[in-house]
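Okay, structure first, notes after.
Quick note: numbers below take in every heavy atom, side chains included, and nothing from hydrogens, waters or symmetry partners. All residue numbers in this chain count up from 1 along the given sequence. First listed ligand is number 1; within each ligand, the first listed atom is number 1.
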Amino acid sequence: MKFLVINGVNLNLTGKREKGVYGTATLADINAKISAFCAQNGDSAEFYQSNIEGELVNKLHEAFLNKTCDGILLNAGAFTHYSYALRDAIASIDIPVAEVHISNVHARDEFRHKSVISQVCKGVVCGFGSASYIAAIVGLKETLTK
Ligand code: DQA
């Protein structure tokens, strides 16, 4: 299976910003861990990061129109909490999307408790650091093999 891992706004600074919240692993470290996990299971992963909302929407459209992957992991960063454009893009495509967060958003600021994308995602994983992405792959695989 092929997974597309999309990270949104500010996630390029992972491992460098707010280390007490997001840890010290960089996005490259996390992506390497995902690649290794996928390889163990005969799967593969493509990675994309952008700080620009419309580029994330374009990437979702491209995956759908060109059938580039079987499942998508999306850590939209703060866009999670207010981007109706991302929500509509996820609802527009027939590829299952897993919402992922490094931190436990429910144990943080009130504004992070609301996600406008959860409703249109297959599942949500948060709070396990880089392992949130791995858990999301396990969940998507289960969904895709049923
Ligand atoms: C995040 C949680 C969001 O609330 C925050 O805006 C981020 C990262 C996470 O991975 O924990 O940028 O998505």
Side-chain angles (χ1 to χ4, degrees), residues 1-41 43-64 68-144:
M1 277 176 207
K2 185 161 180 208
F3 296 99
L4 171 61
V5 182
I6 302 179
N7 280 285
V9 62
N10 293 314
L11 272 301
N12 56 309
L13 294 182
T14 304
K16 301 177 179 107
R17 70 160 174 157
E18 298 183 83
K19 293 179 189 171
V21 178
Y22 300 115
T24 53
T26 64
L27 192 57
D29 294 335
I30 293 172
N31 291 349
K33 181 170 171 171
I34 296 168
S35 283
F37 182 79
C38 284
Q40 277 170 26
N41 300 301
D43 300 319
S44 64
E46 176 195 335
F47 301 97
Y48 182 76
Q49 191 277 327
S50 176
N51 293 319
I52 300 167
E53 187 181 11
E55 288 186 352
L56 300 173
V57 169
N58 284 345
K59 194 68 185 174
L60 291 166
H61 290 183
E62 181 197 298
F64 170 57
T68 61
C69 62
D70 302 298
I72 297 174
L73 281 71
L74 174 63
N75 184 347
F79 292 142
T80 304
H81 312 299
Y82 65 89
S83 174
Y84 297 122
L86 268 181
R87 186 233 179 264
D88 284 352
I90 297 163
S92 301
I93 70 176
D94 61 3
I95 304 169
V97 176
E99 176 183 341
V100 178
H101 300 286
I102 296 167
S103 66
N104 178 357
V105 286
H106 302 288
R108 300 182 61 200
D109 323 76
E110 184 100 30
F111 78 87
R112 296 183 207 277
H113 299 179
K114 182 182 165 71
S115 164
V116 299
I117 66 171
S118 296
Q119 194 188 6
V120 290
C121 287
K122 185 68 194 170
V124 183
V125 186
C126 75
F128 295 104
S130 57
S132 291
Y133 295 86
I134 304 298
I137 287 182
V138 173
L140 280 177
K141 271 190 81 124
E142 184 102 356
T143 296
L144 289 161

So with a 6.0 Å cut-off around NZ of Lys122, is the heavy-atom count from everything else above 12?
-> no

Which ligand 1 atoms does Asn75 reach within 4.0 Å, using its non-hydrogen atoms?
-> 1 (C), 9 (C), 10 (O), 13 (O)

Of the listed options (Ser103, Gly129, Ser132), which comes nearest to atom 11 (O) of ligand 1 when hydrogens are ignored and any heavy atom counts?
-> Ser103

Which ligand 1 atoms are under 4.0 Å away from a heavy-atom of Arg112?
-> 3 (C), 4 (O), 5 (C), 6 (O)

Would one find more than 12 heavy atoms of other residues, nucleotides or ligands at under 6.0 Å from atom CZ of Phe47?
-> yes

Identity and distance of the protein heavy atom lying nearest atom 1 (C) of ligand 1 = His101 ND1, 3.7 Å

Counting only heavy atoms, which portion of Arg17 has something under 4.0 Å from ligand 1: side chain, backbone, both, or neither?
-> side chain

Given Asn58 and Tyr48, is the side chain to side chain donor-acceptor pair (under 3.5 Å) satisfied, shown in steps?
-> CA-CA 11 Å; Asn58 284 345; Tyr48 182 76; over 6 Å; no

Which atoms of ligand 1 are found less than 4.0 Å from any heavy atom of His81?
-> 3 (C), 4 (O)

For atom 9 (C) of ligand 1, the closest protein heavy atom turns out to be Ile102 N, 3.3 Å

Answer with yes or no whether Tyr22 contacts ligand 1, where contact means a heavy atom under 4.0 Å from a ligand atom.
-> yes

Within less than 4.0 angstrom of ligand 1, does Val105 place any heavy atom?
-> yes

Has ligand 1 got any nitrogen or oxygen that is less than 3.5 angstrom from a nitrogen or oxygen of Ala78?
-> yes

Result of checking Thr80, Ile72, Val125 against Glu99 for side-chain contact (heavy atoms from CB on, under 4.5 Å) | Thr80

Step through the shown structure and confirm whether more than 12 heavy atoms of other residues, nucleotides or ligands are within 6.0 Å of CD on Gln119.
-> no

Check whether more than 12 heavy atoms from other residues, nucleotides or ligands sit under 6.0 Å from atom NZ of Lys2, and answer yes or no.
-> yes

Going by atom types only, do Ser130 and Lys33 share a side-chain donor-acceptor pair under 3.5 Å?
-> yes

